[in-house]
**Q** 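After the structure tokens below, expect a handful of questions from me.
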Amino acid sequence: MAKKKVLFVTSEAAPFVKTGGLGDVAGSLPEAMREKGHDVRVVLPEYSQLNSTYKSQLEHVTHFRTNITWRNEYVGVNKLEHNGVPFYFIDNKKYFDRSNLYDNPDRHLQFILFMRGALEMLSEIDFKPDIIHCNDWQTGLIPLLLKDNYKRYNFYRDMKTVFTIHNLRYQGIFGPEIVSDSLGVDPAHFYDGNIRHDGLVNFMKAGIMYGDKITTVSNTYASEIKTPYFGEGLDYALRMRGDDLEGIVNGISFDENDPASDKEIFANFDASNFQGKAKNRRALQSFLGLEINPDKRILSIITRLVEQKGIDLIKHVSEEIVNTGLQFVVLGTGNPEYEDFFRDLSNRYPDQVAAEIKYDFTLAKRIYASSDFFLMPSQFEPCGLGQLFAMRYGTVPIVRETGGLKDTVEPYQDGEGSGFTFKEYNAHKMLNAIEAAADLASNPKELESLQKNIMKRDFSWDKSAEKYLDLYDDIIVDEKPEISIVDKKETKEIKKAKEIKKAKEIKEEKKAKTTSRDDSDLEKVNINLADSTELEKVKGIGPAYARRIIAYRDENGDFSELDELLNVDGIGPARLESIKPGIDL
Ligand code: ADP
């Protein structure tokens, strides 16, 4: 695989600033791709919330001015390296020195400045990525800005974009007045509907319509968001881009989250040395003022306290949860009504319920390590990282079967599986799952065996990082097949000669196909027999698709009809039509 250059553009990244899962992803995926030899760099805003330890490590790289239509604004670029990954910070005090990251009335200006700064920084620092990987609405205009403004310059011409949806609910919606006031793109993009939804400017929709590829963070969520129930109003746009939409499940950093070496938790442990788990539980009981009792098991939640996370289900059966005898630990902030509810529950059951209404990274790790069960009854969940951290620390997830929760937690039955699950968004279905977990707690041996098993599951970035790299390849392969197979080390002349030869071959192949029907039939490859080299020769199948077709064949046996290819990851109706002339059964 050719080495790629990637700019990962994000509004947050751990450990610098994080409100949720996007921060975890931006803090760990780039590192995983760099470990595979690619030049991946990250850019994010330099918020005043960046803690002083990191602030003092920043090195000033450059500064320039950019335009947000009639405004001319300062853009500073500062940099630090973390775990081998270069992180660039876009500095402008007027826009990023705020008490709140996202809820500001001028947030469109904050992020337009960020997006323009990130793009213009590239030519200033002479970093020319093959791929600009954008994430969520705060970066959604980048594909369009590139197309409309920057691709007219040679430096930007070949850059491709991937737009990843981490949560479709947050879309970056603004009044139409910002079209002329701040966007700085041709108003036609608004009037033709591509960046408009319900009469308003929608940054998420812009990313969906203009990204070269769209991804979201699990397979199930990728299917769900094409339906009205999960589509948050944009399901039609996602169906339109269905051929270019793929689900790639999130991973977590196994190095930074290792119970065997983690310095934040009370005691280290692993699957072969498990006594530490009980030490953590005891220490957390003491730390939170719960009854200190080795027979009491802990059920926890760590989350933003918002409707999405299924808090209403918990409210509905909170007394019954207390009655299971499990201790209940809540760490979260958000909706004041939910915050008050948990405070009140903990005041009523001080020995059994602890409500920590705050954002606390260290306490979060301690809770993952000390609990026996971790609850995520989400209404919808693009991927969810809590359940992955929980399993890494030997804590059994209890989840609703939706989005990434469905893809990462296997129902536990007869000693097989990884957690307790329920399907319907219903408080009593959730309660049944919690009660089944409490039953398991009365059989400590079986519980311990499950806890040790889930610690051995691999939720590191390794496989998913590979999938992103394959996807990057597809964009390059799809549009420039002749260049993708050229060895980057070759001299320009050889490269050019090969390109001309390849182009001639393609031309001749096309000519042969149109002039002789029989000949073209002879050239078809058999989809059940072809190896990857043969498959790669088919128009519309690059190395990544060839690999996926073979993997699908290995798993499911021969294709019985060509339309079965639609089941292969990433192949949609349009791609199938382009592949069909080159294959048969
Ligand atoms: P989302 O991105 O929707 O918030 P995820 O499960 O993908 O949900 O990611 C949530 C991340 O934020 C996890 O790393 C979780 O541990 C962390 N988190 C959520 N609330 C808190 C909190 N109050 N304190 C510390 N970490 C938190």
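The shown structure was predicted, so the numbers you read here are calculated from the model rather than taken from an experiment.
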**Q** Is the gap between the ring centers of Tyr221 and Phe230 under 6.0 Å?
**A** no

**Q** Aromatic ring centroids of Tyr54 and Phe87 under 6.0 Å?
**A** no

**Q** Might you point out which heavy atoms bring Lys205 and Asn194 nearest each other, and give the distance in Å?
**A** CG-O, 3.5 Å

**Q** State whether the side chain of Lys128 and the backbone N or O of Lys5 hold a donor-acceptor pair below 3.5 Å, judged by distance alone.
**A** no

**Q** Please find the pair of heavy atoms, one from Ser218 and one from Gly403, that lie closest to each other, and give the distance.
**A** OG-C, 3.6 Å

**Q** Is there a side-chain contact between Val43 and Phe114 (heavy atoms, below 4.5 Å)?
**A** yes

**Q** Asp136 and Tyr170: side chain to side chain donor-acceptor pair (under 3.5 Å), yes or no, with the steps?
**A** CA-CA 8 Å; Asp136 276 351; Tyr170 306 100; over 6 Å; no

**Q** Do other residues, nucleotides or ligands put more than 12 heavy atoms under 6.0 Å from the NZ atom of Lys467?
**A** no

**Q** Is the backbone N or O of Glu232 less than 3.5 Å from a side-chain atom of Gln171, with the two atoms forming a donor-acceptor pair by type?
**A** yes

**Q** Output yes when a side-chain donor or acceptor of Arg157 lies under 3.5 Å from a complementary backbone atom of Arg152, and no otherwise.
**A** yes

**Q** Which is it for Met159 and Leu122 under the side-chain contact (heavy atoms from CB on, under 4.5 Å) test, yes or no, and what are the steps along the way?
**A** CA-CA 11 Å; Met159 295 180 194; Leu122 293 171; 4.2 Å; yes

**Q** Measure across Asn202 and His197 and return the closest heavy-atom pair with its distance rounded to 0.1 Å.
**A** ND2-CB, 3.9 Å

**Q** Ser123 vs Tyr153, test: side-chain contact (heavy atoms from CB on, under 4.5 Å). Steps then yes/no.
**A** CA-CA 10 Å; Ser123 55; Tyr153 306 108; over 6 Å; no

**Q** Determine yes or no for a side-chain-to-main-chain donor-acceptor pair under 3.5 angstrom, with Asn92 supplying the side chain and Val75 the backbone.
**A** no

**Q** Between CG of Leu385 and CG of Leu22, what distance do you get to the nearest 0.5 Å?
**A** 10.0 Å

**Q** With a 3.5 Å distance limit and no angle check, can you tell me whether Asn250 reaches the backbone of Gly384 through a side-chain donor-acceptor pair?
**A** no

**Q** Can you find a pair of side-chain heavy atoms, one from Arg241 and one from Phe163, that are under 4.5 Å apart?
**A** no

**Q** Would you call Glu46 and Phe96 a side-chain contact if the rule is heavy atoms closer than 4.5 Å?
**A** no

**Q** Test Thr164 against His133 for side-chain contact (heavy atoms from CB on, under 4.5 Å), laying out the working first.
**A** CA-CA 7 Å; Thr164 296; His133 192 145; 2.7 Å; yes

**Q** Heavy-atom count check: over 12 atoms from other residues, nucleotides or ligands less than 6.0 Å from Lys55 NZ?
**A** yes

**Q** Where is the tightest heavy-atom contact between Ile225 and Leu238, given as atom of each residue plus distance?
**A** O-CD1, 3.5 Å

**Q** Would Arg547 and Asp470 count as a salt bridge (Lys or Arg N to Asp or Glu O under 4.0 Å) here? Give the steps.
**A** CA-CA 10 Å; Arg547 264 200 299 284; Asp470 277 355; 2.4 Å; yes

**Q** Hey, could you give me the CG/CG distance between Leu119 and Leu146, rounded to the nearest 0.5 Å?
**A** 5.0 Å

**Q** Is any side-chain heavy atom of Asn257 closer than 4.5 Å to a side-chain heavy atom of Tyr393?
**A** yes

**Q** From Met115 CE over to Ile132 CD1, what is the distance, rounded to the nearest 0.5 angstrom?
**A** 12.0 Å

**Q** Would you give the length of the straight line joining atom CG of Leu331 to atom CD1 of Ile367, rounded to the nearest 0.5 angstrom?
**A** 4.5 Å

**Q** Please tell me if the side chains of Phe111 and Trp137 come closer than 4.5 Å, counting only heavy atoms from C-beta onward.
**A** yes

**Q** Side chains of Tyr47 and Leu50: does their closest heavy-atom pair fall under 4.5 Å?
**A** no

**Q** Is Arg34 reaching over with its side chain to a backbone N or O of Gly84, donor-acceptor style, under 3.5 angstrom?
**A** yes

**Q** Using the salt bridge (Lys or Arg N to Asp or Glu O under 4.0 Å) rule, pick out the option among Lys406, Arg400, Lys309, Arg169 that qualifies with Glu381.
**A** Lys309

**Q** Could you tell me if the side chain of Asn556 sits less than 4.5 Å from the side chain of Asn567, heavy atoms only?
**A** no

**Q** Rounded to the nearest 0.5 Å, what's the gap from CD1 on Ile583 to CD1 on Ile527? Could you check?
**A** 4.5 Å

**Q** In the structure I gave you, are the side-chain heavy atoms of Arg457 and Ser418 within less than 4.5 Å of one another anywhere?
**A** yes

**Q** Just by distance, do the side chain of Glu264 and the backbone of Arg366 share a donor-acceptor pair under 3.5 Å?
**A** no

**Q** Compute the centroid of each ring, for Tyr472 and then for His38, and state whether the two points are separated by less than 6.0 Å.
**A** no

**Q** Determine whether Glu12 and Tyr102 satisfy the following criterion, side chain to side chain donor-acceptor pair (under 3.5 Å), listing intermediate values before the conclusion.
**A** CA-CA 10 Å; Glu12 55 182 83; Tyr102 301 134; 2.6 Å; yes

**Q** Minimum heavy-atom separation for Ile550 and Asp531, please, with both atom names.
**A** CD1-C, 4.0 Å

**Q** So among Met391, Gln451, Gln387, which one has a side-chain contact (heavy atoms from CB on, under 4.5 Å) with Val396?
**A** Gln451

**Q** State whether the side chain of Asn268 and the backbone N or O of Pro259 hold a donor-acceptor pair below 3.5 Å, judged by distance alone.
**A** yes

**Q** How long is the straight-line distance from CG of Asp130 back to CG of Leu7, given to the nearest 0.5 Å?
**A** 11.5 Å

**Q** Could you please spell out the steps behind the side chain to side chain donor-acceptor pair (under 3.5 Å) verdict for Asp462 and Ser460?
**A** CA-CA 6 Å; Asp462 194 48; Ser460 71; 5.6 Å; no

**Q** Please evaluate residues His108 and Val201 with respect to the criterion side-chain contact (heavy atoms from CB on, under 4.5 Å), reporting the C-alpha separation (whole Å), side-chain torsions for both, the decisive distance (0.1 Å), and the verdict.
**A** CA-CA 10 Å; His108 59 296; Val201 177; over 6 Å; no

**Q** Could you check Ile302, Thr395, Asp24 and say which one makes a side-chain contact (heavy atoms from CB on, under 4.5 Å) with Phe389?
**A** Asp24

**Q** Under 3.5 Å, is there a donor-acceptor pair between the side chain of Asp407 and the main chain of Asn219?
**A** yes

**Q** Consider salt bridge (Lys or Arg N to Asp or Glu O under 4.0 Å). Of Lys213, Arg548, Lys4, which one does Asp474 pass it with?
**A** Arg548

**Q** Look at the side chain of Asp270 and the backbone N and O of Asn273, then say whether any donor-acceptor pair between them is shorter than 3.5 Å.
**A** yes

**Q** What do the steps show when you test Lys160 against Asp158 for salt bridge (Lys or Arg N to Asp or Glu O under 4.0 Å), and what is the final call?
**A** CA-CA 6 Å; Lys160 298 279 186 280; Asp158 292 332; 5.7 Å; no

**Q** Should we count NE2 of His82 as having more than 12 external heavy atoms under 6.0 Å?
**A** yes

**Q** Begin from the C-alpha positions of Arg239 and Asp235 and carry the test salt bridge (Lys or Arg N to Asp or Glu O under 4.0 Å) through to its verdict.
**A** CA-CA 6 Å; Arg239 286 196 299 276; Asp235 45 297; 2.9 Å; yes

**Q** Here's one to test your reading of the geometry: is the NZ or CZ of Arg392 within 45 degrees of the ring axis of Phe254 and under 6.0 Å from its centre?
**A** yes

**Q** Of the non-hydrogen atoms in Gly540 and Ser578, which two are nearest, and what is the gap between them?
**A** CA-OG, 4.1 Å

